[in-house]
Amino acid sequence: MTVPAWSYSSIKTFDQCPKKYYHLRILKDVKDSDTTATVYGKELHTAAELYIRDGVEIPPKFSFIKTTLEALQKIEGEKHCEIKLGVAKKDGEFTPCGFFDEDVWWRGIADLLIIQGEKAFLVDYKTSKNAKYADTKQLDLLAGAVFTHYPQVKTIKSALLFVVSNEVVQKEHDALFRTAYLSAMQPELTRLEAAINNDVWNTNSGPLCKFCPVVECPHNRRG
């Protein structure tokens, strides 16, 4: 069995706990339920999308992000909110494809993409408490996909916007390194492929076990 179509979040799930990944992504016999934090994040992303795309006023509970969104809105260019990007891979070559195409290799969603000729701006909103565990590999993957779908784009200024703590983690990307960006998680993919080929799905114990939907796991602490 080959590695199924993956995303940054699915690989992070595998890193967190291979057994959880196995049940969520391979067997598909359980589903993750929303927490207060994930619901809050989804609501904020929707508010940002509606403001940038349609000019819908920001709800009072998210008024603290309005200044940031106003600055983003003023950037000239072709704006895409919550744009779904798919990349296919065959014989080591990356090509653009639809998000749900049968041959999709990687999937990702850019919260905000602004195309400005040969330049682009890429933004991902984060609602975690701070930027302590910021991972720019997510930006690398999205940048690689943008270069694949928009070959006229030569450079990208990308950022993780931690809207609650008002922190920004920035990175610049060059189209010359597109392949390297899309290979950013190759070590993790190699480990996942080994788990699939050997049918070995180890368990990891951690603070997130209390939220895990895999109730049969000995580390599960739900309730």
Do [X] and [Y] get their side chains close enough for a donor-acceptor pair, meaning under 3.5 Å?
X    : Y    : answer
R178 : T148 : yes
Q73  : K66  : no
W105 : D103 : no

If the threshold is 4.0 Å, N to carboxylate O, is there a salt bridge linking [X] and [Y]?
X    : Y   : value
E188 : K12 : no
R53  : E82 : no
K79  : E49 : no

Does atom [atom1] of [X] have more than 12 heavy-atom neighbours from other groups under 6.0 Å away?
X    : atom1 : result
Q186 : CD    : yes
E118 : CD    : no
D15  : CG    : yes
K137 : NZ    : yes

Taking the side chain as C-beta and beyond, is there a heavy-atom pair between [X] and [Y] under 4.5 Å?
X    : Y    : answer
L122 : L112 : no
F14  : R191 : yes
Q16  : L208 : yes
M185 : L141 : yes
F64  : N166 : no
L192 : W6   : no
I75  : F121 : yes
V104 : W106 : no

Here the gap from E93 atom CD to K89 atom NZ, rounded to the nearest 0.5 Å, amounts to 10.0 Å
Hey, does the side chain of [X] reach the backbone of [Y] with a donor-acceptor pair shorter than 3.5 angstrom?
X    : Y    : value
D101 : C97  : no
N130 : K132 : yes
E78  : I115 : no
T136 : L139 : no
H149 : A145 : no
N220 : V214 : yes
S183 : A180 : no

Pick one: which of D111, T68, L72 meets side chain to side chain contact (heavy atoms under 4.5 Å, CB included) with V123? L72
Acceptor/donor pairs from residues 151-164 side chains to any protein atom, 3.5 angstrom cut, sequence neighbours excluded:
| residue | atom | partner | partner atom | Å |
| --- | --- | --- | --- | --- |
| K154 | NZ | P151 | O | 3.4 |
| S158 | OG | K171 | O | 3.0 |
| S158 | OG | H173 | ND1 | 3.1 |

Shortest non-hydrogen contact between S63 and I58, atoms and distance: N-CG2, 3.9 Å
Cluster membership besides F100, Ile/Leu/Val/Met/Phe/Trp/Tyr side chains within less than 4.5 angstrom, sorted by chain and number, is F99, I109
Could you please spell out the steps behind the side-chain contact (heavy atoms from CB on, under 4.5 Å) verdict for K61 and E43? CA-CA 10 Å; K61 67 185 290 185; E43 290 178 349; 3.0 Å; yes
Could you tell me how the ring of Y150 sits relative to the ring of H80: parallel (under 30°), tilted (30 to 60°) or perpendicular (over 60°)? tilted
What do the steps show when you test F62 against Y40 for ring pair (Phe, Tyr, Trp, His ring centres under 6.0 Å), and what is the final call? CA-CA 10 Å; F62 299 126; Y40 181 86; 5.3 Å; yes
Qualifying residues under ring pair (Phe, Tyr, Trp, His ring centres under 6.0 Å), relative to Y51, sequence neighbours excluded: none
